[in-house]
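To start, the structure under review is shown below, and the notes come after it.
We count residues from 1, following the sequence as given.
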Amino acid sequence: MMDFIDLKKQQKLIRKNIDDRISKVLNHGQYILGPEVKELENELSLFSKSKYVLCCSSGTDALLLGLISLGLKPNDGVIVPSFTFASTAEAVCMLGGVPFFSDVNIDTFNICEKSVLNCIAKAKKEGITLKGIISVGLFGQPCDIDNIIEIANANKLWVLDDAAQSFGSSYKNKISGNLCDISATSFFPAKPLGCYGDGGAFFTNNEHYYKIAYSAHLHGMGSNKYEYDRIGMNGRIDTIQAAILIEKLKIFKSELINRDKLAEYYKRQFLDLGTNIKLPKVISGATSSWAQFTIQLPLSCDREDFQIKMKEKGIPTAIYYPIPIHCQKPYKKFPISSDNLQNTNLLSKCVISLPMHAYLSFEDIEYISKVAHEIINK
C-alpha cells in the first residue's frame, strides 16, 4: 500500500538538520517559548510578508485567537462555509458566537459569494447580528477573497481567512497569511507545512490584533507574568515543534513547486484517459498548495465501492467531508443560507481525494490514474 501522504521521504532528506535542531533545544532546555519560536515567527513573516506572526498550539487555536482579537462576543453571527473541517465553525461556537452556514462554489469548493449575500439578507430578516466572515482555502487554494472582502466592507464585516489547508498558496501575488484582516493556519503533520505534533499560526498586519492574540495565547497575560488583562487560553507552540518547522520551511518552496507539477500531471493523465470525473479547478490569479488532490466522481459511481477497489490495488483514498457541518448533530440548530447549501450537499456525496505529497512520482500518478479510470469506467 502506498502512502496517502509520505512524510518518511521528506524526513529522510532533512533528518540530520532536524536532529541537530532538536538537540539544540534539549541542550538549552527552553521547551516553552524558546528562541526557536521567535525565529520561526520571523521566518514565517518573511515568507508570507505578513507583519505580525504568532505561532500557537494548533490551527483551531489560531482561529480562536483570531476571533478573540476581532472581539467576537456571545450571540454574534459569523458566516462560515459548511463544506469544511469542524474547526471553522467550532471556534465560533466556543466563544458563544453563532455560525451562519454558507454554500460553496461547485468548481473550487470554496465559499460562494452569492450564498454569502443570501446569508446576510437572511440574517437581517431573522434578527441575527453578523460581525464577520470566515473564508476557507479548502484543499489548498484560497477563495476569491477580493470579492469576499468587498462584500464584507459593504456590510461592515471583518474577514478571517482559515488557511489551515492553503498556507503556501497565493492570490494575486499575495501569499496566504496576508490576504485579509487576520489569517490562521495549521501545522498538523498532514498539512503542506506540518510539524511532528500539533501547531498553528496567526497572521495579521494589525498591531492591535496581534497584541490581543499574544496576550490571549498566554492565558490573557498583561505586562507582568501573573497580571491578566483578559480571559485567555494556553495556546503556545512547543519549542521543539518550532525547531522542526524552521527546517521544514527551508524546503517548503521547492515542495510547493513539486506539488503543483504533480497536480498538473494528475490532470493531464485523467484528461488523456478521458475519465468521467470532474477535476479540481484553480481560480484565475491564484495558486494552490495542493493540500489534497480532490476529484468529483460521477453520481453513478458508488464511492464506497470505488474506495474498496482502489485499496485492493494498494491505493489509499480519503473523503473530505462526507457529512457537511450543518448536518452534524451539534450544529443542526444553527441557521443556513436561503439557498439550502445545494452544492455542499452534492459535494459531500461525490468528492474523493487521491494521494498527494511533494514526493509522489509521476509513475505513481500514472498508476493511480489508470486504476481510477478503469474502476470508474468499468
> Are Phe167 and Phe203 close enough, and set up right, to give a ring-ring contact (aromatic ring centres under 6.0 Å, His included), and what steps lead you there?
Replying inline: CA-CA 11 Å; Phe167 185 66; Phe203 301 80; 5.4 Å; yes
>> salt bridge (charged side-chain N to carboxylate O under 4.0 Å, His left out) for Glu41 and Lys38? Distances and angles first, verdict last.
In response: CA-CA 5 Å; Glu41 289 170 347; Lys38 181 52 67 178; 3.1 Å; yes
> Taking it one step at a time, do Glu374 and Lys378 satisfy salt bridge (charged side-chain N to carboxylate O under 4.0 Å, His left out)?
Replying inline: CA-CA 6 Å; Glu374 289 173 350; Lys378 191 170 181 180; over 6 Å; no
> Between Asp6 and Leu360, is a side chain to side chain contact (heavy atoms under 4.5 Å, CB included) present by the stated rule, with each step listed?
Replying inline: CA-CA 8 Å; Asp6 194 340; Leu360 201 62; over 6 Å; no
> Taking it one step at a time, do Lys114 and Asp339 satisfy salt bridge (charged side-chain N to carboxylate O under 4.0 Å, His left out)?
Replying inline: CA-CA 9 Å; Lys114 183 178 178 182; Asp339 50 41; over 6 Å; no
> Should His28 and Thr239 be marked as a side chain to side chain contact (heavy atoms under 4.5 Å, CB included) after you check the CA-CA gap, both sets of side-chain angles, and the distance that decides it?
Replying inline: CA-CA 11 Å; His28 66 56; Thr239 305; 4.2 Å; yes
>> Would Lys309 and Asp305 count as a salt bridge (charged side-chain N to carboxylate O under 4.0 Å, His left out) here? Give the steps.
In response: CA-CA 6 Å; Lys309 288 177 177 175; Asp305 183 62; 3.0 Å; yes
>> Under the criterion side chain to side chain contact (heavy atoms under 4.5 Å, CB included), I'd like the reasoning laid out for Thr204 against Leu54: C-alpha separation, chi angles, the key distance, then a yes or no.
In response: CA-CA 9 Å; Thr204 187; Leu54 176 67; over 6 Å; no
> Run the side chain to side chain contact (heavy atoms under 4.5 Å, CB included) check on Cys55 and Leu44 step by step: do they pass?
Replying inline: CA-CA 9 Å; Cys55 288; Leu44 289 169; 3.7 Å; yes
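By the 30° and 60° cut-offs, the orientation of the rings of Tyr321 relative to Phe85 is tilted. Relative ring orientation between Phe270 and Tyr266 is described as parallel, the plane-to-plane angle staying below 30° on a 0-90° scale split at 30° and 60°. Using bins of under 30°, 30° to 60° and over 60° for the plane-to-plane angle, the ring pair Phe101/Phe334 lands in the perpendicular bin. Between Phe252 and Phe47, the angle of the ring planes lies from 30° to 60°, which puts this pair in the tilted group.
Other residues, nucleotides and ligands contribute more than 12 heavy atoms inside 6.0 Å of the CE atom of Met221. Counting heavy atoms of neighbouring residues, nucleotides and ligands inside a 6.0 Å radius, atom NZ of Lys24 does not exceed 12 of them. Around atom CG of Asn75, no more than 12 heavy atoms belonging to other residues, nucleotides or ligands sit under 6.0 Å away. Crowding of Glu39 atom CD: a count of heavy atoms from other residues, nucleotides or ligands under 6.0 Å exceeding 12. Atom CG of Asn27 sits in a crowded spot, with more than 12 heavy atoms from other residues, nucleotides or ligands closer than 6.0 Å. Atom CD1 of Ile231 is surrounded by 12 or fewer heavy atoms from other residues, nucleotides or ligands within 6.0 Å. Within 6.0 Å of NZ in Lys9 there are more than 12 heavy atoms belonging to other residues, nucleotides or ligands. For Lys267, the NZ atom sits in a packed shell: over 12 heavy atoms of surrounding residues, nucleotides or ligands are nearer than 6.0 Å.
Glu90 and Tyr331 share no donor-acceptor pair across their side chains, judged by distance under 3.5 Å alone. Judged purely by distance below 3.5 Å, without hydrogens or angles, the side chains of Arg15 and Asn17 never pair a donor atom with an acceptor atom. In this structure, a donor-acceptor pair under 3.5 Å is present between the side chains of Thr287 and Ser170. There is a side-chain donor-acceptor pair under 3.5 Å between Asp144 and Tyr171. Under the 3.5 Å distance criterion, with hydrogens and angles disregarded, a donor-acceptor pair is assigned to the side chains of Asp161 and Ser135. Judged by distance alone, the side chains of Ser169 and Gln141 never bring a donor and an acceptor atom under 3.5 Å apart. For Ser215 and Arg230, the side-chain atoms include at least one donor-acceptor pair closer than 3.5 Å. No donor-acceptor contact under 3.5 angstrom links the side chains of Ser337 and Asp103, judged on distance only. Ser353 and Thr294 are linked by a side-chain donor-acceptor pair at a separation below 3.5 angstrom, with hydrogens and angles left out of the test. Under 3.5 Å, the side chains of Ser48 and Asn178 contain no donor-acceptor pair of N or O atoms. Between the side chains of Gln241 and Glu36, no donor N or O sits under 3.5 Å from an acceptor N or O. A donor-acceptor pair shorter than 3.5 Å can be found between the side chains of Asp364 and Ser361. A donor-acceptor contact closer than 3.5 angstrom links the side chains of Glu366 and Tyr265.
Minimum interatomic distance between Ser87 and Leu63 (heavy atoms only, all atoms of both residues): O-CD1, 3.7 Å. When all heavy atoms are compared, the tightest approach of Gly235 to Asp61 is CA-OD2, 4.3 Å. Taking every heavy atom of both residues into account, Phe293 and Ala263 meet most closely at CE1-O, 3.6 Å. When all heavy atoms of Val98 and Val92 are compared, the closest pair comes out as N-CG1, 3.8 Å. Scanning all heavy atoms of the two residues, the minimum distance from Ile237 to Leu245 falls at CD1-CD1, 4.0 Å. Nearest heavy atoms, Ala163 versus Thr185: O-OG1, 2.7 Å.
Using a 4.5 Å heavy-atom threshold, the side chains of Ser69 and Ile182 count as touching. The closest side-chain heavy-atom distance from Pro81 to Thr344 is not below 4.5 Å. In this structure the side chain of Ile368 reaches within 4.5 angstrom of the side chain of Met310, judged on heavy atoms. Counting heavy atoms from C-beta outward, Val351 and Phe109 have side chains that approach closer than 4.5 Å.
Once rounded to the nearest 0.5 Å, the distance linking CD1 of Ile14 with CD1 of Ile251 reads 4.0 Å. Taken from CD1 in Ile120 to OG in Ser115, the straight-line distance is 10.0 Å, to the nearest 0.5 Å. Taken from CG in Leu297 to CG in Asp302, the straight-line distance is 9.5 Å, to the nearest 0.5 Å. Rounding to the nearest 0.5 angstrom, the gap separating the CG atom in Leu347 from the CD1 atom in Ile319 is 13.0 Å. Put simply, OG on Ser102 and NE2 on His326 are 11.0 Å apart, with the number rounded to the nearest 0.5 Å. Here the CG-CZ distance, from Leu26 to Arg21, works out to 13.5 Å after rounding to the nearest 0.5 Å.
Lys211 has a carboxylate O that lies under 4.0 Å from a charged side-chain N of Glu207, or vice versa, which qualifies the two as a salt bridge.
Put simply, Phe139 and Phe188 are part of two different groups of oily side chains (I, L, V, M, F, W, Y) that touch within less than 4.5 Å, one to the next. Under a hydrophobic-cluster definition in which Ile, Leu, Val, Met, Phe, Trp and Tyr are linked whenever side-chain heavy atoms come within less than 4.5 Å, directly or via other members, Val136 and Val104 are assigned to the same cluster.
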